[in-house]
Amino acid sequence: MAEITPKERMAIKRHHMLEQDADVRNKNFSEVNLGYTVELAKEEALRCIQCKKPLCIGGCPVSINIPAFIKKIEEGDFKSAAAILKKDNALPAVCGRVCPQEEQCEKVCTVGKKNAPVAIGYLERFAADWERENLGIQLAEKKPNSGKKVAIVGGGPAGLSCAGDLIQMGHDVTVFEALHDIGGVLIYGIPEFRLPKAIVRAEVEGLKKMGVEFRTNSVIGLTDTIDELLEEYDAIFIGVGAGLPYFLNVPGEQLNGVYSSNEYLTRVNLMKAYDFPRSDTPMFNIEGKQVAVFGGGNTAMDAVRTSLRLGAKRAMILYRRTEAEMPARIEEIKHAKEEGVEFMLLVGPIEFKGTDDGWLRSVVIQKMELGEPDASGRRRPVPIEDAIEEIPIEVAVIAIGNGSNPIISKTTPDLNVNKWGNILVDENSMKSSKKGVFAGGDIVTGGATVILAMGAGRKAAKAIDEYVRNKETW
Amino acid sequence: MHSSTIFLFHNYVVFLKPLNLKKQVCYRSKIIWINMNRIIEARFLAPDIKLFKIEAPKIALKRKAGQFIILRVHPDGERIPLTIADSDTKDGTITIIVQGVGKTTKQLNTLEAGEYIQDLVGPLGKASDIEFYGTAVSIGGGVGTAIAYPTAKALKEAGNKVISIIGGRTKELVLLEDEMKAVCDEVYPTTDDGSYGFHGFVTQKLQELINEGIKIDLVLAIGPIPMMSAVAEVTRPYGIKTIVSLNPIMIDGTGMCGGCRAIVDDKTVFVCVDGPEFDAHKVNFNILTKRNRMYLLQEKISYEHFCKLDKMVKETVSN
């Protein structure tokens, strides 16, 4: 192939990923995005100009060598591309699907200054999928055994990325998970149509083959305490996530039909309620119902799109700010709209109303307008006087975030937490106040993204490696 | 893995680790792991009410009165909470007593000794507040007696005088009388139909005790919601501290889903992490009752589906 100039590379248009038709996919739980073909991936890879000082790497929370893996895709060496990903990312097939790339690597992409940025996320997904489908997940290289044991508390993104790094560094790694299956939010929260469980399972299987031991049904703090784990392990990483859902605190929230997004999604995803009665866990019958989801993040989009797939007659997002302030990925908002989700913006719920025997029938909403910016820098919504409306609904899903789960902090008195219950750590080393205990992910930051949690897990792995090898002072 | 013994049993990988003698840590934590959950003993106490002793050494060692476990019967099973009735740290077993009311509990009750529970996690929830109160009355309605038993036992061990009222619709539903007798000062069985013991409801027996002038410092009431709610109304005028154990629908049991929320003292609580025991005079039983009816229809569908499958399997086997 003749050498292609940077200018020619820049001229190529960004390639869209194939996806299921909106009218078809809103009735099934299969994955919406279908990925790149080999040809599309190679062509998209051509768009990367291989910057001398690649900004994309700095934009990635786990610092993947992005130009290097894209180069390998361009060359058709997909195996090497996947190996490069694996060096910095324990779960590339997951991140290629759920990372908010437009806020990270693609945001700073040089090509993106003039044209659309290189589709880094799509390419990551392609390389990881290609490896899994063609070779099976390849194992990363492992350093000689250090004889050190590390316990990871929580089998979600933070814990898995930490485990993936530590096992490569040569340590014995055991992951303790409270639920009966591994993956945390990847399996109970993010729906099949956005992240197939089989992909999470395959990546977890890869970690198992590397030697990571998994113990499900272990609630640390209750089944074992942190202090008991410290008797057996040289270091502990806590990545238990946020995991205590916020409610709106408006009247009527106890009515049947009002769910937290965690419960709603857990029933459908982890417990497979969409397959009831073959699967035992029931779900309120959504068919023909009107569903209102409160919130503007990815979880809200997941819940509202799930409702459509369960047969909702009307599926609405009710958000108190405007679309510009929505924390959800752009792609999720776009997909939701294409599938027929209604967006009601600048509205806040005041009350849920229901029947005498406790079933939800409507929500009373207050219309808002944007006022002065608040502490988050976003303009604060303020109520418009007398602009109140009642909307008939049978199901409400509250997706406004999570507080921190108290089980570990309550059973570990010398672990310092802030007033919200988030574990306090040193930003660089992820060390907590307790010797040998590190923490990261949502339990430290409050509800954030999968990739930020994975970044924290990696940072902690590096610090844990140094700590267990040198037993440095705390 | 040089220090471990590993073997395969059915679909389970079992790690047997040697006792760590150096640290004088006995049995706990070093033993085994994993999805053992073998049923050591299984027997019916009454029609549809079955007692299981299950191998779960860690939970046996850790659990305190009032705590519960969550289990799943099979890989597509639902997660259900069950209070731990007793434990044996020597054998490393816990005891649960299950009333077959829906699909999962009926299916669970088909299991026999030697079989395994798919998933078992615990101990969950807060332990009962055990201290010296003086005289405590423990009231168990039906299978609720199994839940009241460990707390009654712990109250006795804390030096309280413990009077136990064991209610059942009829004689065969009066559970754990011998066990209660072994840990209580007085035991009064009651039956709705008068077939055994006191003829009447547990609340009537409680009222009788109050009328006799016995100074009661604490009442613990566990059973169906109407019973707990009725007990709360009996004790309220006398200002007797009354504790109930709530049984809402749960999934994870760690505070993550918020499905088990209840209203106590006009505030939302998560029963799995804030409870399961609460001050009976502050619980909104009305809302709890309604929330527990959320899946009545689905529970019926699920049960019928199970019966159909069960029948098919039995026919296939007999053919």
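Worth knowing before you read on, the calculation uses all heavy atoms, side chains too, and leaves out hydrogens, waters and symmetry mates. Reminder, nothing fancy here: chain letters follow the sequence lines and each chain counts from 1.
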If the contact rule is any heavy atom under 4.5 Å from chain A, which residues of residues 254-262 of chain B qualify, in numerical order?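 Listed by number: B:T254, B:G255, B:M256, B:C257, B:G258, B:G259, B:R261.
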Hey, would you say the B:Y295 and A:F276 ring centroids sit under 6.0 Å apart?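 Between B:Y295 and A:F276, the centre distance exceeds or equals 6.0 Å.
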Measure distances from [X] to the heavy atoms of chain A and classify the residue's part below 4.5 Å as side chain, backbone, both or neither.
X: B:F270; result: side chain
X: B:S302; result: both
X: B:I251; result: side chain
X: B:L124; result: both

Where does [X] contact chain B at under 4.5 Å (heavy atoms): side chain, backbone, both or neither?
X: A:N249; result: neither
X: A:D357; result: backbone
X: A:S279; result: both
X: A:D356; result: backbone
X: A:Y264; result: neither
X: A:L270; result: neither
X: A:I407; result: side chain

A quick test of your reading: do over 12 heavy atoms of other residues, nucleotides or ligands sit less than 6.0 Å from NZ of B:K282?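 No, the 6.0 Å shell around NZ holds no more than 12 heavy atoms from other groups.
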Could you state the interatomic distance from [atom1] ([X]) to [atom2] ([Y]), rounded to the nearest 0.5 Å?
X: B:N284; Y: A:Q254; atom1: CG; atom2: CD; value: 7.5 Å
X: A:F176; Y: A:L229; atom1: CZ; atom2: CG; value: 5.0 Å
X: B:H305; Y: A:D280; atom1: NE2; atom2: CG; value: 8.0 Å

In terms of side-chain geometry, is the basic nitrogen of B:R63 or B:D86 positioned less than 4.0 Å from the acidic oxygen of its partner?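 Yes, B:R63 and B:D86 are salt-bridged.
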With chain B as the partner, which of A:P282, A:G403, A:G243 has the greatest number of non-hydrogen pairs under 4.5 Å?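 The candidate making the most pairs under 4.5 Å is A:P282.
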Look at the side chain of A:S404 and the backbone N and O of A:G421, then say whether any donor-acceptor pair between them is shorter than 3.5 Å.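 Pair found, side chain donor or acceptor close to backbone of A:G421.
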Are a donor atom and an acceptor atom from the side chains of B:T93 and B:E55 found within less than 3.5 Å of each other?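 Side-chain D/A pair, B:T93 to B:E55: absent.
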Identify which of B:E304, B:Q107, B:H74, B:R79 forms the greatest number of heavy-atom pairs closer than 4.5 Å to chain A.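 Heavy-atom pairs under 4.5 Å are most numerous for B:R79.
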Quick one: are A:T281 and B:D76 in side-chain contact, heavy atoms under 4.5 Å?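 The answer is no; the side chains never approach within 4.5 Å.
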Apply ring-ring contact (aromatic ring centres under 6.0 Å, His included) to residues A:Y246 and A:F294 and explain how you reach the verdict. CA-CA 11 Å; A:Y246 287 136; A:F294 297 87; over 10 Å; no
For B:V244 and B:V283: C-alpha separation, side-chain torsions, deciding distance, then whether side-chain contact (heavy atoms from CB on, under 4.5 Å) applies. CA-CA 9 Å; B:V244 288; B:V283 172; 4.1 Å; yes
Cationic tip of A:K149 within the cone over A:Y233's six-membered ring, i.e. under 6.0 Å and within 45° of the normal?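 Cation-pi check for A:K149 and A:Y233: passes.
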